[in-house]
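Each chain gets a letter, A, B and so on, in the order its sequence line appears, and its residues count up from 1.
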Protein chains: 2
Amino acid sequence: MPLSPDEPVLPAVVRPSVQDAIRRDIIAGVLTPGARVTEASLAQRYDVSRVPVREALRGLASEGFIDSRPHVGSRVAPIPVHDADDLFAVREALEVATARSAARRAAALYSGDESPEDWWRIRRQIAALLDAGDAHVAEGDLDPLVGINDQIHIAIAELSGSATLTQLLRQLSWKIEWLYAADMQSRGKRLWPDHRVIVGAIDAGDGERAAALMAAHVRESRIGYLRRYGVTRPSSDPEVAAAVRRQPGGAQDAVLPGADTVGP
Amino acid sequence: MPLSPDEPVLPAVVRPSVQDAIRRDIIAGVLTPGARVTEASLAQRYDVSRVPVREALRGLASEGFIDSRPHVGSRVAPIPVHDADDLFAVREALEVATARSAARRAAALYSGDESPEDWWRIRRQIAALLDAGDAHVAEGDLDPLVGINDQIHIAIAELSGSATLTQLLRQLSWKIEWLYAADMQSRGKRLWPDHRVIVGAIDAGDGERAAALMAAHVRESRIGYLRRYGVTRPSSDPEVAAAVRRQPGGAQDAVLPGADTVGP
DNA sequence: GTCTGAGTGATTGTATGCAATCGTCCCTCT
DNA sequence: AGAGGGACGATTGCATACAATCACTCAGAC
């Protein structure tokens with residue numbers, strides 16, 4: 001987190017940290033769908049008692065990251081790949097609403113009707129995020145843009161002054177982030193074995209085959225990138241453009257295989 | 001709850017009941033926005049320890065019904081009256097998605113591709129809800145229709161097979177129910193003093209004034225009803241129809257005054 | 001008179017302990 | 001050999017206990 005210089009300092013409480021940490025691990029794929037998560041193991045892992053872990057798990061269950069059955073235990077929920085399109089549609093409705101409300105509030109602010117104390121803080125935060133994004137673009141370092149992008153959208157929601165919409169959008173963003181990460185992982189998993197095959201073709205001295213394999217490999221990676229981060233205009237290669245158009249959602253149906261225990 | 005005859009019986013756990021009970025009290029207006037809710041008082045009220053109450057409060061906070069500050073306490077959140085339109089817009093996007101997915105799943109079912117075990121259970125549930133609604137309509141007892149309506153929409157979401165969308169829709173429905181209830185309450189509050197004035201006019205023997213007051217009173221109630229439950233076609237009275245059209249949202253900006261403690 | 005400061009009561013955050021429940025293994029019976 | 005049943009281990013659900021923090025009050029100084 002590159003900013004928040006003057007956030008109101010809240011007392012140190014463990015539960016939100018635990019909840020965030022578990023959510024991060026789920027989104028990052030450290031905890032894979034279907035993995036059993038026991039309160040005791042998580043408590044040991046984060047060096048706290050079971051109580052904050054319990055509450056964190058409850059929260060994550062209500063966010064949809066954890067499936068929990070009474071007296072049985074909790075597992076990481078399956079990735080909602082089927083809902084990808086729907087989640088995007090709902091997010092669109094949400095973002096339209098927050099943007100409109102934020103603009104209306106800005107207009108009311110300029111006309112002097114109201115001046116909430118949070119407004120300028122969030123506004124400064126957005127400015128900082130924009131600057132940070134520009135800096136990364138200038139350096140050609142595009143990876144952080146995804147996160148910054150999400151943060152800006154959340155900040156706009158906060159600017160709208162609607163806690164309800166902000167809350168919903170935040171939950172939705174986490175889910176979509178999860179989808180992206182899972183897509184990236186499974187894509188990487190699918191692309192990885194190619195390397196050995198390509199090297200094998202090189203070893204065998206089959207130049208044409210190695211070239212064809214490498215071409216397919218790079219092309220799939222390119223299509224995946226375009227699908228993931230969007231395109232301002234269709235790819236110059238008509239075949240790639242068609243492939244990108246073919247599955248706009250980007251997430252396939254595969255669910256990552258889940259280990260049954262939490263690794264130490 | 002008039003149905004769910006063959007639901008899978010889950011072991012008795014206190015926390016969900018507590019959470020539902022508190023949410024019900026908030027929506028029903030027993031706990032008004034701004035009211036302080038301490039864990040101890042709620043624990044005493046529902047005769048459980050603080051732990052399930054804590055977890056219920058956490059859940060309600062993530063649902064947006066409770067505002068909680070560390071080491072300070074929890075209060076009932078303000079009613080999101082400003083977000084009414086936005087919430088309806090988001091719900092529309094959600095319901096469109098669930099209906100489409102449910103229909104697609106039905107098509108896949110009929111073509112024999114898959115036959116999930118839950119499908120028929122939920123389908124029977126919807127049938128029962130429709131029958132119950134018809135029965136109430138036949139008896140002219142329209143009050144329960146609001147709840148049945150919500151249940152049908154949730155059931156359709158469950159039919160879509162998407163836990164994510166169902167969860168979001170459920171949260172949104174609770175919020176909208178809250179808005180309706182608050183609107184009804186404040187409307188009732190506004191209409192109530194009329195009675196005394198009308199009776200006063202009657203006592204004074206001012207027939208014309210009593211008639212005019214009663215006409216205004218009944219008319220406002222009628223407009224409120226039409227605004228709340230919608231109209232299939234514009235009201236026959238053009239003036240009423242215009243008034244109904246005037247504020248389609250229905251919820252005004254007033255926030256119910258909150259008592260500072262939970263009554264015994 | 002107003003402001004600063006410590007003290008106190010109340011409330012939450014976390015830890016630990018115990019009972020209830022579930023899944024599973026193994027034994028027994030058919 | 002397969003099915004049914006009982007006991008055990010593991011895990012969660014809840015209650016209680018203690019520590020940490022905050023809001024508020026009241027005394028005292030400027």
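Residues B:V51 and B:G73 both approach DNA chain C. Their nearest nucleotides, taken by heavy-atom distance, put B:G73 toward the 5′ side.
An OP1 or OP2 oxygen of C:dG13 is reached within less than 4.0 angstrom by a side-chain nitrogen or oxygen of B:R58. OP1 or OP2 of C:dT14 has not a single side-chain nitrogen or oxygen of A:S49 nearer than 4.0 Å.
Taking atom CG on A:D47 and atom P on C:dG13, their separation rounds to 20 Å, with Å as the unit. Between the CD atom of B:E39 and the P atom of D:dT16 there is a distance of 15 Å, given to the nearest Å. To the nearest angstrom, C1' of D:dG13 lies 15 Å from CD of B:Q19. Going from atom CG of B:L57 over to atom C1' of C:dT11 covers 12 Å, rounded to whole Å. Here C:dT11 presents its P atom at 19 Å from CG of B:D67, a figure rounded to the nearest Å. Atom-to-atom, CZ of A:R69 to C1' of C:dA20 comes out at 16 Å; the value is rounded to the nearest Å. Note: NE2 (B:H71) to P (C:dT14) measures 7 Å, nearest angstrom. The interatomic distance linking B:Y46 (OH) with D:dC14 (C1') rounds to 18 Å, in whole Å.
For A:D150, there are no side chain to side chain donor-acceptor pair (under 3.5 Å) partners at least two apart in sequence or on another chain. Applying the salt bridge (charged side-chain N to carboxylate O under 4.0 Å, His left out) test to B:R170 and every residue at least two apart in sequence or in another chain returns B:E158.
For C:dG13, its base sits under 3.5 Å from the side chain of B:R50 at one donor and acceptor pair at least.
Within the 4.5 Å cutoff, side-chain heavy atoms of B:R91 are placed close to those of B:I176.
For B:K175 and B:Y180, the positive end is not near the middle of the six-membered ring at less than 6.0 Å and at most 45° from its axis.
Comparing D:dA15, D:dT11, C:dT14 by their closest approach to the side chain of B:R54 singles out C:dT14. If you check D:dC14, D:dG13, D:dC22 against the side chain of B:V72, the one that comes closest is D:dC22.
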Trace of the side-chain hydrogen bond (donor to acceptor under 3.5 Å, both in side chains) decision for A:S162 with B:D86: CA-CA 10 Å; A:S162 164; B:D86 296 334; 5.9 Å; no

